[in-house]
Amino acid sequence: MRLIIAVIAGGLFGLGLHLSGMTDTNRVQGFLDIFGAWDPTLAFVMGGAIVPMAVAWRLTAGRKPLAGSMFPSRPSTEITRRLVIGSVMFGIGWGLVGLCPGPAMASLGYGGIPGVVFLVAMMVGMAAAPRVSQILDRRTASA
Amino acid sequence: MEVSWLWGLFGGLIIGTAASILLLGNGRIMGASGILGGLLDGTARRGWAEAVAFIAALIAVPALFHYLGSARVETHATASPVLLIAGGLAVGLGTRLANGCTSGHGVCGISRLSVRGIIATLIYIGAGVATVAGLRALMGGL
């Protein structure tokens, strides 16, 4: 059951990214290009995605997942160094190429060599994260 | 071109529906970087099969649409290996350090008014805007 739900969600996520145009790096970089020919599409995608999800979060109150034991706990409100440094790095990489993790996977089937190179580099970065995180923590502890 | 925002809204609603299904069904947050990254650093543990199933469908469905003749087949990604590798490394490392990307912090975080999600989204959009402006200044275009 959990596997079927994961396949449906993954497939719909890919379909939505594809149809919305978010696998087109011109559109994403166009959204970030507020000093040039600004493309607002990404804002509509985000807005459109947030609406059903806001309803879903409300439905979680006092219930259990259909095929799970519990819903995610309330998020922490702590703004950590990791959150800030990580988000800055993510934004820089996102701006350089116009791909973030979802669209990088969704466009793999038609993104050619550039798509593969980006995805492999992204996976290397992800695999290196625990080690980099340890170094950051050590610096914080000694500071 | 003029209807791109409508396609954006429509695609966005589908993405939000997907995130809702994963939350209400499996009790999981639909974050692309968390699902892929969890597989790579071993934190996915018992959830690895679900993560693989999610990613397989995420790759296969758009590919299927492409082969069925969808109009959205161009990613227009840069051909520069330097930009692709630097961008990929920064996105991979950054999203894992921050514990989320556009889907996790953006869609799932903002929709529950998570302070961390909202702050992260403001920061990565800000950094992205600055980077694109820098690229423009250096290269005279994208």
Side-chain angles (χ1 to χ4, degrees), chain A residues 3 5-7 9-16 18-20 25-26 32-33 41 44-45 48-50 52-54 56-57 65-66 68 71 75 77 82-83 86-97 100-102 105-111 114 117-118 121-122 125-127 129-130, chain B residues 4-5 8-9 11-23 25-27 32-33 37 40-41 50 53-54 57-59 61-63 66 73 75-77 83-85 87-98 101-103 107 111-112 114-115 120 123-124 127-129 131-132:
Chain A
L3 278 179
I5 290 169
V7 166
L12 281 176
F13 184 30
L15 180 65
H18 179 78
L19 292 180
S20 65
T25 60
N26 283 355
L32 298 172
D33 192 14
T41 309
F44 285 96
V45 181
I50 286 170
M53 202 46 194
W57 279 119
L66 202 64
F71 285 115
T77 54
R82 272 184 58 170
L83 183 82
S87 297
V88 168
M89 290 181 70
F90 167 38
I92 292 172
W94 195 37
L96 285 178
V97 181
C100 52
M105 291 189 270
S107 65
L108 190 65
Y110 53 89
V117 172
F118 181 87
M122 186 178 90
M126 286 179 166
Chain B
S4 79
W5 66 270
L9 192 62
L13 286 168
I14 298 177
I15 295 168
T17 305
S20 305
I21 290 172
L22 199 65
L23 178 70
N26 288 359
S33 57
L40 294 171
D41 62 22
E50 287 162 48
F54 178 89
L58 169 57
I59 295 172
V61 169
H66 163 57
V73 293
T75 59
H76 297 113
L83 285 181
L84 288 168
I85 292 172
L89 286 173
V91 169
L93 184 57
T95 52
R96 289 304 279 160
L97 287 181
C101 55
T102 338
S103 46
V107 175
S111 60
R112 77 192 300 199
S114 154
V115 178
I123 294 175
Y124 64 67
V129 165
T131 304
V132 168

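Please read all numbers here as calculations on a predicted model, not as lab measurements. Note: hydrogens, waters and symmetry copies are ignored here, and every other heavy atom, side chains too, is used. Throughout, a chain's letter reflects where its sequence line sits, starting with A, and its residues are numbered from 1.
For Thr102(B), the parts lying under 4.5 angstrom from a heavy atom of chain A are both the backbone and the side chain. If you measure heavy-atom distances from Thr75(B) to chain A, the contacts under 4.5 Å come from both the backbone and the side chain. Heavy atoms of Pro130(A) lying under 4.5 Å from chain B belong exclusively to its side chain. For Val61(B), the part sitting under 4.5 Å from any heavy atom of chain A is the side chain, from C-beta outward, and nothing else.
Looking at every heavy atom in both residues, Ile92(A) comes nearest to Ala127(B) through N-CB, 4.0 Å. Gly25(B) and Ile5(A) get closest at one heavy-atom pair: CA-CD1, 3.8 Å. In terms of heavy-atom proximity, Ala57(B) sits nearest to Val7(A) at CB-O, 3.3 Å. Looking at every heavy atom in both residues, Ala120(B) comes nearest to Ser87(A) through CB-OG, 3.5 Å. Of all the heavy atoms in Pro62(B) and Ile59(B), the pair that sits closest is CD-O, 3.5 Å. Between Val117(A) and Leu84(B), the closest heavy-atom pair is CG1-CB, 3.9 Å.
Using modelled atom types, one side-chain atom of Arg82(A) and one backbone atom of Arg96(B) make a donor-acceptor pair closer than 3.5 Å.
With chain A as the partner, the residue from Ala18(B), Gly94(B), Ala63(B), Ser111(B) showing the most heavy-atom pairs under 4.5 Å is Ser111(B). The greatest number of non-hydrogen atom pairs below 4.5 Å with chain B, out of Ala54(A), Ala6(A), Gly109(A), is found for Ala6(A). Note: Leu97(B) leads Thr17(B), Val107(B), Leu97(B) in heavy-atom pairs under 4.5 Å with chain A. Interface remark: of the candidates Gly11(B), Ala53(B), Gly88(B), Gly88(B) forms the most heavy-atom pairs closer than 4.5 Å to chain A. Of the listed residues (Ser103(B), Gly87(B), Ser114(B)), the greatest number of heavy-atom pairs within a distance under 4.5 Å of chain A belongs to Gly87(B). The greatest number of non-hydrogen atom pairs below 4.5 Å with chain B, out of Leu15(A), Thr25(A), Leu66(A), is found for Thr25(A). Of all the listed residues (Cys100(A), Ala127(A), Ala106(A)), the one sharing the greatest number of non-hydrogen pairs under 4.5 Å with chain B is Ala106(A). Of the listed residues (Gly68(A), Pro101(A), Ala56(A)), the one with the most heavy-atom contacts under 4.5 Å to chain B is Pro101(A). Of all the listed residues (Ile123(B), Leu93(B), Ile14(B)), the one sharing the greatest number of non-hydrogen pairs under 4.5 Å with chain A is Leu93(B). Options Gly111(A), Gly16(A), Gly14(A), Ser107(A) differ in how many heavy-atom pairs under 4.5 Å they form with chain B, and the most are formed by Gly16(A). Contact count against chain A (heavy-atom pairs under 4.5 Å) is highest for Ile15(B) among Ile15(B), Leu40(B), Leu22(B), Val115(B).
With a 4.5 Å cut-off on side-chain heavy atoms, Pro52(A) and Leu13(B) count as touching.
Ring geometry for His18(A) versus Tyr110(A): interplanar angle over 60°, hence perpendicular rather than tilted (30 to 60°).
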(request) Let me see the working for Met126(A) and Asp41(B) under side-chain contact (heavy atoms from CB on, under 4.5 Å), right down to the final yes or no. (result) CA-CA 8 Å; Met126(A) 286 179 166; Asp41(B) 62 22; over 6 Å; no
